[in-house]
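Residue indices begin at 1 and follow the sequence shown. Both counts, for ligands and for their atoms, begin at 1 and track the order of listing. Here the structure is a predicted model, which means the values were calculated and not measured.
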Amino acid sequence: MKRKKLIVANWKMNMNLQQASILLHRLQERIQIHKDIEVVLAMSYLHLQPLSLQIDRRKFRQAAQNAYYDDHGPFTGEVSFSMLHDLVHYSLVGHSERRVKFNESLDDVRKKVASAFRNGVTPILCIGEQKDEHLRLETKQVVHDQLSSALLDVTPEEVAEMVIAYEPVWAISNGNDYHGHDIATPDDAKEMATYIRHQIESTFGKYAANSVRILYGASVNSENARAFLDADGIDGVLVGGASLNYHEFSGIVNAAYRSLHGIGV
Ligand code: 13P
């Protein structure tokens, strides 16, 4: 089964609208339309509507970075998936920063995945181990538990549609220096993609396992992207810090094109 490559920018809580608009403008100048590569920009709620008027839909899709699981009600300050329905194709769900800094529980993440599907938004489910878990060699157990709990309420057909991003939390650059940060290797990414796909296959069957797209994220930049994109079972990357730099991010999309077509190394 041929899975389309997916490159996702996670802008996190960065840039005002004008800065985001300039970045989008620069990306649109540099990134070509590739029919076999999908490029997604996960931006602040505040930027979704105005940038939807500027974005070239042949090149990019918009994503939210989070949303609340109930559709409406007394939840001051929250935005629901039902509100995002017409605006975004994807949403990140369960990013480690949400889990760690905003105390999102396994149960919250499970409800968010279900709510995303209920409202026609495709979830990009983020999973990955913390540094202490990594040091205690608990990576697979943590990933297994996060995955099985997040997917409790979804069907095999839905799993086939969705995206799973493996992000080892200890390797995330936090926007500091995505060059030279402590980083996982492409072999680590490949091993985890295989592990995740096996788990999906045993619960949801072969079709779901062959269709679901698995991304690697954490300190990806234009120099190391190719090695991750070439790793078996990795269908794309989720990029934080380097996605704020148009030169870096267009370099990563270019690396995906070269990986797909076996150009250079
Ligand atoms: P960095 O690319 O800055 O390490 O961030 C990764 C990330 O958290 C993407 O969601």
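With contacts defined as side-chain heavy-atom distances shorter than 4.5 Å, the pair L46/L17 does not qualify. Between K112 and N66, some side-chain heavy-atom pair lies under the 4.5 Å cut-off.
Every atom of ligand 1 with a heavy atom of G240 under 4.0 Å away is listed here by number and element: 1 (P), 2 (O), 3 (O), 5 (O), 6 (C), 9 (C). Close contacts of ligand 1 with K12, meaning ligand atoms under 4.0 Å from a residue heavy atom, involve 5 (O), 6 (C), 7 (C), 8 (O). Ligand-side atoms of ligand 1 in range of N10: 9 (C), 10 (O), range being under 4.0 angstrom from any heavy atom. Near E167, meaning under 4.0 Å from any of its heavy atoms, are these atoms of ligand 1: 6 (C), 7 (C), 8 (O), 9 (C), 10 (O).
Side-chain contact check for E167 and S96: no donor-acceptor pair (N or O, by modelled atom type) lies under 3.5 Å. Donor-acceptor pairing under 3.5 Å is recorded for the side chains of S259 and D230.
Counting heavy atoms under 4.0 Å from ligand 1, residue A218 touches it through the backbone alone.
Atoms CE and CD1, from M192 and I164 in turn, are 11.0 Å apart once rounded to the nearest 0.5 Å.
Remark: distances from the non-hydrogen atoms of A242 to ligand 1 are all 4.0 Å or more. Distances from ligand 1 to the non-hydrogen atoms of S219 include at least one value under 4.0 Å.
Aromatic ring centroids of Y257 and H261 lie under 6.0 Å apart.
In terms of N/O distances under 3.5 Å, ligand 1 is not approached by A171. At under 3.5 Å, a nitrogen or oxygen of G241, whether backbone or side chain, sits near a nitrogen or oxygen of ligand 1.
For E38 and R61, the salt-bridge test passes: some basic side-chain N is under 4.0 Å from an acidic carboxylate O.
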